[in-house]
Amino acid sequence: MTRTEQRSGEAEAVRRPGRWLALTVLVLAVLLVAVDATVLGLATPYLSEDLKPSGTQLLWIGDVYSFVIAGLLVSMGSLGDRIGRKKLLLTGATAFGAVSVLNAYATTPELMIAARALLGVAGATLMPSTLALIRNLFHDPRERSLAIGIWGAMASAGAAVGPVVGGFLLEHFWWGSVFLINLPVMAVLVLVGIRLIPESKNPAPGPWDLPSVATSLVGVIGVVYAIKEAAAHGARADVFAAAAVGAAALVWFVRRQLRLPAPLLDMRLFQHRGFSGAVLADLLTILGLAGLIFFLSQFLQLVQGRSPLEAGLAELPAALGAVGAGLVAGVAARRFSVRSVVAGGLAAIGLALAALTVLDRTTGYPLLGGSLLVVGLGAGLAFTVTADVILSSVPKEQAGAASAVSETAYELGAALGIALLGSVVTGVYRDFATPRGVPAETAAAAHESLGGAVEAATTLPERSAEALVGAAQHAFVEGLRIAAGCGAVVLLATAVAAWVLLRGQRLEEGAEHP
């Protein structure tokens with residue numbers, strides 16, 4: 001092929017019709033996952049009142065989805081590379097809708113935890129498939145940066161739409177209705193995606209190695225479980241056992257990947273400094289944010305007395321900031337540098353979290369709303385550029401596996417953040433002194449969770465009820481302030497690490513030949 005013919009082929013690929021319509025379908029899956037994650041936080045007080053979970057069960061309801069999805073993302077991303085990313089996406093979307101019904105009608109904490117775990121299995125098929133398909137739809141790097149920005153913006157839009165729609169539903173229906181909003185989105189995704197999304201996969205993928213699938217799942221869940229339980233209850237025999245089993249499984253997984261001719265995950269990807277730096281930045285950023293975000297809706301509703309809809313609207317600045325920043329992140333990274341945009345975004349998040357360490361029960365909205373806006377702007381810049389770096393660092397045949405690594409870092413960071421920072425909030429909260437005159441049984445229920453305290457107070461005389469709720473709210477806010485401080489330290493340290501690791505990293509400029 002002559003150079004002129006090659007350039008013509010590249011231009012034709014860049015102008016391939018239908019790619020933007022296909023993108024609109026792909027981002028529906030992103031919207032779905034983001035909505036599902038945010039509405040759970042709003043529904044937590046109602047879910048606590050109805051199902052009466054213990055504090056530990058409440059944390060499991062919040063993070064088991066992330067545990068399972070983190071354990072399966074690499075396997076599912078590799079599976080999509082092998083059987084076809086479109087096929088995996090549409091199958092997972094159908095399953096996600098079906099399992100959402102089970103979540104909506106859960107009747108016990110145990111059933112809710114199991115339903116969230118199954119939702120994680122289905123969710124693991126969605127995110128790596130969408131990013132991998134974007135990698136194969138857009139061959140011009142600037143167009144791909146914009147597409148990734150739109151992808152990230154829709155995730156942020158889901159974070160905005162979720163609380164508002166969820167708040168409306170919670171004010172008019174029961175808490176399970178927040179999961180049923182998945183069904184119409186799934187129906188549109190599947191029906192339209194069948195026609196619009198082109199299939200793509202690795203032309204020579206090799207077999208899907210089931211032992212690697214099992215060990216990656218056991219390894220991730222074992223290690224995360226150990227960290228969660230150690231943070232919540234201290235070192236115990238089962239914690240050491242889980243840590244040992246998880247670590248051994250991960251070591252075995254890595255060694256097996258290095259020996260296989262067609263590995264589930266090509267470990268050589270991590271030799272690329274930009275790839276490794278972007279993955280690490282994603283993991284630590286979400287770790288610093290997740291625990292705080294999980295408890296923010298409870299603060300707005302159970303401490304400041306906002307309705308679910310008001311709480312959802314109060315969280316809008318973060319999502320709006322992320323949408324705007326995500327759309328311009330690629331342009332900013334090319335004009336300045338990758339490391340300045342990523343490190344600057346992370347530093348902004350860290351400073352915003354530091355500002356939240358002065359929260360109290362009567363804090364006005366300007367401080368909270370301004371901090372959330374800065375968090376959104378920083379996250380939109382950082383996450384969009386790191387996703388672009390990760391996808392650009394690998395051949396398109398490995399896009400599913402690379403996307404899965406990116407999403408695994410995100411989900412693992414979310415699980416660890418809820419486990420570690422969530423345990424900080426829970427640990428501080430449980431130590432509050434019970435006011436005089438509160439029966440022991442009522443006090444025990446109040447110490448399980450803030451929602452439990454509000455519910456338990458309804459059985460007490462007015463003065464005792466006010467004292468109990470006031471003490472519980474004070475302890476909860478104190479835990480939230482400490483978690484915000486811990487998150488700020490993590491984010492500022494991550495900004496420094498990103499500045500060092502992403503030195504010299506650039507986004508692609510020239511179009512590639514598909």
Side-chain angles (χ1 to χ4, degrees), residues 20 23-24 26-35 37-38 127 130-131 134 138 141-167 278 281-282 285-286 288-290 292-293 296 311-356 365-391 406 410 487 491 494-495 498 502 507:
W20 294 106
L23 178 66
T24 62
L26 292 178
V27 297
L28 280 177
V30 180
L31 180 70
L32 177 76
V33 175
V35 166
T38 53
M127 300 300 280
T130 59
L131 262 181
I134 287 173
F138 295 92
R142 291 179 180 272
E143 280 199 349
R144 185 164 64 239
S145 292
L146 178 57
I148 292 172
I150 293 171
W151 178 88
M154 286 302 289
S156 301
V161 171
V164 175
V165 174
D282 285 353
T285 302
I286 291 298
L289 279 172
L292 184 69
I293 292 172
L296 185 60
L313 292 171
E315 295 177 27
L316 271 178
L320 295 177
V323 169
L327 293 176
V328 301
V331 174
R334 286 182 172 86
R335 180 172 181 179
F336 302 104
S337 70
V338 165
R339 74 170 182 170
S340 63
V341 172
V342 174
L346 299 181
I349 300 172
L351 293 175
L353 292 181
L356 294 179
Y365 184 71
L367 173 64
L368 182 61
S371 298
L372 289 175
L373 178 62
V374 174
V375 166
L377 290 170
L381 290 172
F383 287 138
T384 302
V385 175
T386 54
D388 203 337
V389 169
I390 288 168
L391 282 184
S406 172
Y410 187 97
L491 264 295
T494 305
L502 297 177
L507 298 185

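Just the heavy atoms: all of them, side chains too, but no hydrogens, waters or symmetry mates, feed the values below.
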Would a 4.5 Å heavy-atom cut-off, applied to side chains only, mark [X] and [Y] as touching?
X	Y	answer
Leu26	Trp151	no
Asp282	Ile390	yes
Thr130	Val27	no
Ile150	Trp20	yes
Ile349	Val374	no
Leu296	Leu368	yes
Phe383	Ile286	yes
Leu381	Leu346	no

Nearest heavy atoms of Ala352 and Ser371, plus distance in Å: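 Looks like CB-O, 3.5 Å.
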
When every non-hydrogen atom of Ile134 is compared with those of Ala147, the smallest separation belongs to CG2-CB, 4.0 Å

Rounded to the nearest 0.5 Å, how far does CG of Leu320 lie from CG of Leu377?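 Taking CG in Leu377 and CG in Leu320, the distance rounds to 9.5 Å.
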
Atom pair CG (Asp388) and CG (Leu146), whose distance is rounded to the nearest 0.5 Å: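 Output value for this atom pair is 10.5 Å.
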
